[in-house]
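Inspection log for the structure reproduced underneath, given as structure tokens.
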Amino acid sequence: MAKNRNRRLRKKLRVDEFKELGFDLSWDFAEGTTETQIDAILDGFIAEVIDPNKLAFAADGNLQWDGMICTETHGKCTEEQREQVKIWLEAKGVQNLIVSPLFDLWYGEEGE
């Protein structure tokens with residue numbers, strides 16, 4: 001496709017200044033962690049990191065979790081937000097934490 005796109009088309013295609021960045025993450029809770037403990041950690045994560053940064057969090061798991069984080073509205077997650085997520089989860093003692101680099105949510109390319 002041609003690179004000389006007008007603003008409306010760039011927005012529709014979510015490219016250039018309209019690119020949306022997010023990141024994947026996964027972690028494990030220690031064997032024996034109860035559902036109540038997992039719920040408390042996830043509630044804290046949402047209240048202390050996700051909501052204040054206007055992020056969206058989609059994940060599932062029991063002791064092993066996989067998910068994705070993006071912005072609540074159209075936009076780009078930042079390296080600072082990514083690092084904040086990582087630091088917060090590490091402080092809670094999760095195991096095998098993997099936080100991907102930022103990537104383009106629509107086209108899968110590595111972010112800026």
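On a predicted model such as this, the values are computed, not experimentally measured, just so you know.
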*Spacing of Ser100 atom OG and Arg82 atom CZ [to the nearest 0.5 Å]*: 6.5 Å
*asked:* How close do Gly22 and Cys77 get, counting heavy atoms only, and between which atoms?
replied: CA-SG, 4.0 Å
*Heavy-atom side-chain proximity of Arg7 to Glu17 below 4.5 angstrom*: yes
_Backbone N/O of Arg5 and side chain of Arg10: donor-acceptor pair under 3.5 Å_ = yes
*Can you run down the salt bridge (Lys or Arg N to Asp or Glu O under 4.0 Å) pairs that involve residues 20-47, sequence neighbours left out, and say none if there aren't any?*
Arg14-Glu20
*What's the shortest heavy-atom distance between Ala59 and Gly67, and which atoms?*
CB-CA, 3.6 Å
*asked:* Quick one: does any side-chain atom of Asn53 pair with a main-chain N or O of Val49 as donor and acceptor, under 3.5 Å?
replied: yes
*asked:* Counting C-beta onward and ignoring hydrogens, is there a side-chain heavy-atom pair between Tyr107 and Leu13 closer than 4.5 Å?
replied: yes
*Give the minimum heavy-atom separation between Gln37 and Gly32, together with the two atoms involved.*
OE1-O, 4.1 Å
_If you apply the rule side chain to side chain contact (heavy atoms under 4.5 Å, CB included), what do you find for Lys19 with Leu21, and how did you get there?_
CA-CA 7 Å; Lys19 182 186 288 188; Leu21 300 178; 3.6 Å; yes
_Checking the side chain of Asp16 only, and the main-chain atoms of Phe18 only, is there a donor and an acceptor separated by less than 3.5 Å?_
no
_Candidate pair Leu55 and Cys70, rule side chain to side chain contact (heavy atoms under 4.5 Å, CB included), full reasoning_ = CA-CA 6 Å; Leu55 297 174; Cys70 59; over 6 Å; no
*Heavy atoms from other residues, nucleotides or ligands near CD of Gln64 exceed 12 (cutoff 6.0 Å)*: no
_Derivation of the side chain to side chain contact (heavy atoms under 4.5 Å, CB included) call for Ile41 and Phe29_ = CA-CA 10 Å; Ile41 290 171; Phe29 287 106; 3.7 Å; yes
*asked:* Working to the nearest 0.5 angstrom, can you tell me the gap between Asp60 CG and Asp66 CG?
replied: 7.0 Å
*Sequence neighbours left out, what passes ring-ring contact (aromatic ring centres under 6.0 Å, His included) with Phe23? Give chain and number order.*
none
*Any chance you could measure Glu80, atom CD, to Ile87, atom CD1, to the nearest 0.5 Å?*
10.5 Å
_Run the side chain to side chain contact (heavy atoms under 4.5 Å, CB included) test against Leu97 and tell me which residues pass, sequence neighbours left out._
Trp27, Lys86, Leu89, Glu90, Val94, Val99
*Say whether, by atom type as modelled, one donor and one acceptor occur between the side chain of Glu48 and the main chain of Phe45 under 3.5 angstrom.*
no
*Could you walk me through whether Glu79 and Leu102 pass the side chain to side chain contact (heavy atoms under 4.5 Å, CB included) check?*
CA-CA 7 Å; Glu79 279 296 334; Leu102 294 174; 3.7 Å; yes
